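Numbering starts at 1 and runs along the sequence shown. Quick note: numbers below take in every heavy atom, side chains included, and nothing from hydrogens, waters or symmetry partners. All values derive from a computational prediction rather than experimental measurement.
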Amino acid sequence: MKRVLALVILMVGTATSGMAGLRYAEATAPTSLNPMLVADMPSLRSTELMYEGLVSPPIAGEVEPALAKSWSISPDESSVTFNLRSDVKWHDGTPFTAQDVIFTIEAGKDPRTATALGAQFEAFELVEAPDDHTVVVNFRRNVLNPLLYFDFKILPAHGFPEGYVAAEAAIESPIGTGPFKYKEWTHAGEIKFTRNANYDRGNTGGIKEVEVSPVPDDNIRNELLRYGAVDLLPQVRPKDIPAFEELTSVRLYPYSTLSYSYLGLNFRDNPLLRMRVFRQALISGIDREEMLKAHYGNRGTIISGPFPPASWAYNFDVKPWPHDRRRAEALLDEAGVSDTDGDGIREFEGSPVSLRIVSLAQSEVQKAVVLDLQQQLKNLGIGADVRFMEPMAWKKAVFEDHDFDMVLAEWTFDNSVNIYTLFHSTQSGPNQNNFGGYANADTDRLLDDSRDAANSEMLRALYGELHKQLHNELPYLFLWSLNRYAAISSRIENVRLHPFYFFSYIADWTEK
């Protein structure tokens with residue numbers, strides 16, 4: 001362990017020697033630097049350094065100017081007119097104009113664009129530019145809080161002459177308008193960014209360079225921060241919090257992410273997973289309380305449905321499924337999944353039952369959770385073939401090839417906690433968020449109604465019904481929502497974190 005740590009410190013130290021700036025470590029490398037294509041939090045955090053939206057990321061439903069300096073909403077809230085800044089340039093020196101906004105929205109709606117944000121862009125009927133610095137966006141239908149639909153980042157029209165955003169645009173020479181410019185993506189996986197000299201929307205004496213390094217081992221990441229080889233860990237394990245609290249060289253920053261962990265299920269190929277009674281047997285047979293205690297020091301909350309408990313949409317009247325081994329076994333028998341030959345392995349229609357579980361090779365604690373799950377399934381008489389995968393391979397297996405039965409993953413939401421793309425039957429194509437292919441007419445109806453809700457009270461009621469519906473249906477095995485802390489070197493000052501768009505305020509950070 002010590003030798004590995006020394007080698008990693010040497011590697012990071014060599015890469016960043018003489019560098020004044022911010023160095024941070026992720027459990028896995030970003031898979032994309034294109035905000036239209038991101039499907040993981042390391043990628044999202046990196047894009048926050050480079051790109052901007054028309055408005056700032058929302059906090060409690062409120063936004064501030066960004067690329068748009070002002071706006072007006074039509075009386076019936078069917079359209080928004082944005083007045084754009086005229087002094088902004090892309091990182092390559094090209095002026096930012098209304099055509100970039102038009103391109104971004106039209107590309108987001110284009111079925112050739114490999115984005116999971118398609119349903120968000122589908123809300124827009126028409127986008128027009130009366131001049132280079134004015135954009136009018138018309139909605140297909142009346143929506144609640146129109147400005148919250150504009151949390152997406154703007155892409156440069158001149159960077160995509162084909163008119164849409166292809167999957168291979170994930171890595172190639174990204175160009176934004178944000179506070180940092182892309183510099184290099186090394187063979188070792190480090191990504192380097194330099195300050196955008198033309199960016200004037202922040203502290204001009206702030207951080208000059210940023211570098212992110214993939215370090216899969218949780219313990220090594222901790223030691224890198226402890227010894228100053230990196231300055232920031234976006235997420236620390238709950239059990240490591242007491243040790244960091246004792247260090248004067250490190251500060252802990254709590255942030256209330258609207259997130260939860262889940263086991264996603266693939267409804268396409270496995271007939272057992274399409275049986276609700278089998279899914280209910282699984283959620284009854286898995287001891288989530290013990291897993292939360294063993295792997296996260298009980299710093300979190302067991303959840304009962306599709307919304308994070310810190311959100312306004314969570315229905316606290318719906319209680320989590322209790323751990324009940326006997327009930328799980330009875331439900332498995334009801335589903336026709338029985339150990340007919342007494343070998344400890346249950347069969348279904350004459351064949352041993354086994355599930356293919358995929359997970360990111362992201363961290364030691366996540367691996368431990370998956371192996372714990374594997375053992376708990378074995379105790380129920382269900383086999384489990386576990387595959388730990390690197391980010392690009394995982395993304396392809398889950399979002400493109402749908403080559404899994406069960407996947408351990410996490411969703412992080414903005415304030416709208418919109419779950420339409422996760423569970424609506426129309427959102428199950430390649431690179432879409434309903435990667436399990438879940439389809440239920442009642443769920444579709446509630447999701448459609450939620451998009452047409454006339455006011456916030458109606459939306460809350462519909463989301464409450466959705467919570468009940470999906471708690472019983474179990475398109476996912478809903479696990480827990482964790483308490484989040486970032487650990488940051490004390491030499492980095494004026495730190496403010498966004499609960500979802502982590503680096504939103506990095507332009508104002510400073511360093512000693």
Side-chain angles (χ1 to χ4, degrees), residues 260-296 300-306 318-340 344-349 351-359 366-387 398 402-411 422-423 434-440 443 467-481:
Y260 63 74
S261 298
Y262 63 93
L263 290 164
L265 307 175
N266 191 347
F267 289 75
R268 291 179 171 82
D269 304 321
N270 192 325
L272 277 176
L273 293 176
R274 291 196 291 270
M275 298 171 61
R276 183 171 63 177
V277 65
F278 181 74
R279 302 194 299 272
Q280 291 179 347
L282 292 178
I283 196 66
S284 298
I286 296 171
D287 193 341
R288 292 174 290 168
E289 291 83 358
E290 184 57 35
M291 296 172 80
L292 182 64
K293 179 180 177 181
H295 304 295
Y296 299 103
T301 304
I302 302 298
I303 62 172
S304 64
V318 180
K319 305 303 180 185
W321 289 88
H323 173 58
D324 188 333
R325 174 73 178 271
R326 289 185 179 179
R327 184 176 190 275
E329 292 174 343
L331 289 171
L332 288 172
D333 291 338
E334 181 182 336
V337 182
S338 304
D339 181 8
T340 57
I345 301 297
R346 292 177 179 266
E347 297 89 29
F348 179 69
E349 296 181 346
S351 299
V353 175
S354 183
L355 299 175
R356 299 168 297 154
I357 304 176
V358 301
S359 172
Q366 182 156 333
K367 290 180 181 178
V369 169
V370 173
L371 295 176
D372 190 341
L373 171 67
Q374 183 184 41
Q375 183 60 48
Q376 292 200 42
L377 290 173
K378 182 179 179 181
N379 294 341
L380 291 172
I382 298 172
D385 174 32
V386 172
R387 289 183 294 159
V398 175
H402 309 125
D403 182 18
F404 69 97
D405 289 319
M406 185 179 290
V407 55
L408 176 63
E410 177 183 88
W411 286 123
L422 308 189
F423 301 113
N434 185 2
F435 51 75
Y438 172 71
N440 179 280
T443 300
H467 193 133
K468 292 179 188 177
Q469 162 84 3
L470 295 175
H471 166 78
N472 291 319
E473 272 289 300
L474 292 170
Y476 296 165
L477 304 186
F478 299 104
L479 298 178
W480 44 68
S481 179

> How far apart are the closest heavy atoms of Ala281 and Leu331, and which atoms are they?
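Closest pair (atom of Ala281, atom of Leu331, distance): CB-CB, 3.6 Å.
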> Assess whether ring pair (Phe, Tyr, Trp, His ring centres under 6.0 Å) is satisfied between Phe423 and Tyr476, documenting all intermediate values.
CA-CA 10 Å; Phe423 301 113; Tyr476 296 165; 4.9 Å; yes
> Do the non-hydrogen side-chain atoms of Glu329 and Arg346 ever get within less than 4.5 Å of each other?
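Yes. Closest side-chain heavy atoms under 4.5 Å.
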> Between Leu355 and Asn270, is any pair of side-chain heavy atoms under 4.5 Å apart?
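Yes, close enough: below the 4.5 Å cut-off.
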> Main chain of Ser338, side chain of Asp333: is a donor-acceptor contact present, judged purely on distance under 3.5 Å?
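It does not hold such a pair.
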> Would you say the side-chain atoms of Arg325 pair up with the backbone N or O of Asp287, donor to acceptor, closer than 3.5 Å?
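Judged by distance alone, no pair lies under 3.5 Å.
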> Side-chain contact, heavy-atom cut-off 4.5 Å: Met291 with Gln376?
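Touching, per the 4.5 Å side-chain cut-off.
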> If only atom types and distance count, is the side chain of Asp324 paired as donor or acceptor with the main-chain N or O of Ser284 below 3.5 Å?
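Side chain of Asp324 to backbone of Ser284: no pair is present.
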> Supply the atom-to-atom distance Ile283 CD1 to Asn472 CG, rounded to the nearest 0.5 angstrom.
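CG of Asn472 is found 12.0 Å from CD1 of Ile283.
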> Apply side chain to side chain contact (heavy atoms under 4.5 Å, CB included) to residues Leu282 and Leu273 and explain how you reach the verdict.
CA-CA 10 Å; Leu282 292 178; Leu273 293 176; 4.3 Å; yes
> Using only atom types and a distance under 3.5 Å, with no angle test, would you say the side chain of Asn266 pairs donor to acceptor with the backbone of His402?
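Judged by distance alone, yes, a pair lies under 3.5 Å.
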> Kindly compute the distance separating OG (Ser351) from CD1 (Ile345), expressed to the nearest 0.5 Å.
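With rounding to 0.5 Å, OG (Ser351) is 13.0 Å from CD1 (Ile345).
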> Return yes if some donor-acceptor pair links the side-chain N/O of Arg327 with the main-chain N/O of Pro322 below 3.5 Å, else return no.
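Not confirmed, Arg327 side chain does not pair with Pro322 backbone.
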> Using the ring-ring contact (aromatic ring centres under 6.0 Å, His included) criterion, which residues pair with Phe348? Sequence neighbours excluded.
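With neighbours one apart ignored, the set is empty.
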> Gly344 and Asp339: which non-hydrogen atoms are nearest, and at how many Å?
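That closest heavy-atom pairing would be N-OD2, 2.8 Å.
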> Treating Tyr260 as the side-chain partner and Pro306 as the backbone partner, does any N or O pair qualify as donor plus acceptor under 3.5 Å?
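Answer holds: yes.
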> Under 4.5 Å between any side-chain heavy atoms of Leu265 and Phe278, yes or no?
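No, their side chains stay 4.5 Å or more apart.
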> Is the backbone of Ile303 close enough, under 3.5 Å, to the side chain of Arg288 for a donor and an acceptor to pair up by distance?
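It does hold such a pair.
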> Show the nearest heavy-atom pair for residues Ala384 and Ser354, with the distance to one decimal.
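Taking Ala384 first and Ser354 second, the nearest heavy atoms are N-OG, 3.7 Å.
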> I want to check something: taking the side chain as every heavy atom from C-beta on, are Glu410 and Leu479 in contact at a cut-off of under 4.5 Å?
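The answer is no, as the side chains (C-beta and beyond) never meet within the 4.5 Å cut-off.
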> Side chains of Gln366 and Ser359: donor-acceptor distance under 3.5 Å anywhere?
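Yes, side-chain donor-acceptor contact under 3.5 Å.
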> Do Tyr296 and Val369 have side-chain heavy atoms sitting under 4.5 Å apart?
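Counting from C-beta outward, Tyr296 and Val369 do come under 4.5 Å.
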> Flag the pair Val337 / Met275 as yes when at least one side-chain heavy-atom distance between them is below 4.5 Å, and no otherwise.
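They are not in side-chain contact.
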> Atom CG of Asn434 and atom CG of Leu422: how far apart are they, to the nearest 0.5 Å?
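Those atoms lie 8.0 Å apart.
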> I'd like to know if the side chain of Arg274 reaches the main chain of Phe267, judged simply by a donor and an acceptor atom lying under 3.5 Å from each other, with no hydrogens or angles considered.
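Yes: the side chain of Arg274 pairs with the backbone of Phe267.
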> Measuring only between side-chain heavy atoms, which start at C-beta, is His323 closer than 4.5 Å to Ile286?
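Side chain of His323 against side chain of Ile286, heavy atoms only: no contact under 4.5 Å found.
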> Can you tell me how far CD of Glu473 sits from CG of Asn440, rounded to the nearest 0.5 angstrom?
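Interatomic distance, Asn440 CG to Glu473 CD, rounded to 0.5 Å: 4.5 Å.
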> Has Arg276 got a side-chain atom pairing as donor or acceptor with Leu474's backbone, closer than 3.5 angstrom?
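No, the answer is negative, given that no donor and acceptor are paired below the 3.5 Å cut-off.
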> Hey, does the side chain of Arg356 reach the backbone of Phe404 with a donor-acceptor pair shorter than 3.5 angstrom?
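Answer holds: yes.
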> Of His467, Lys468, His471, which is the lone residue that meets side chain to side chain donor-acceptor pair (under 3.5 Å) with Ser304?
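The residue from His467, Lys468, His471 that satisfies side chain to side chain donor-acceptor pair (under 3.5 Å) with Ser304 turns out to be His467.
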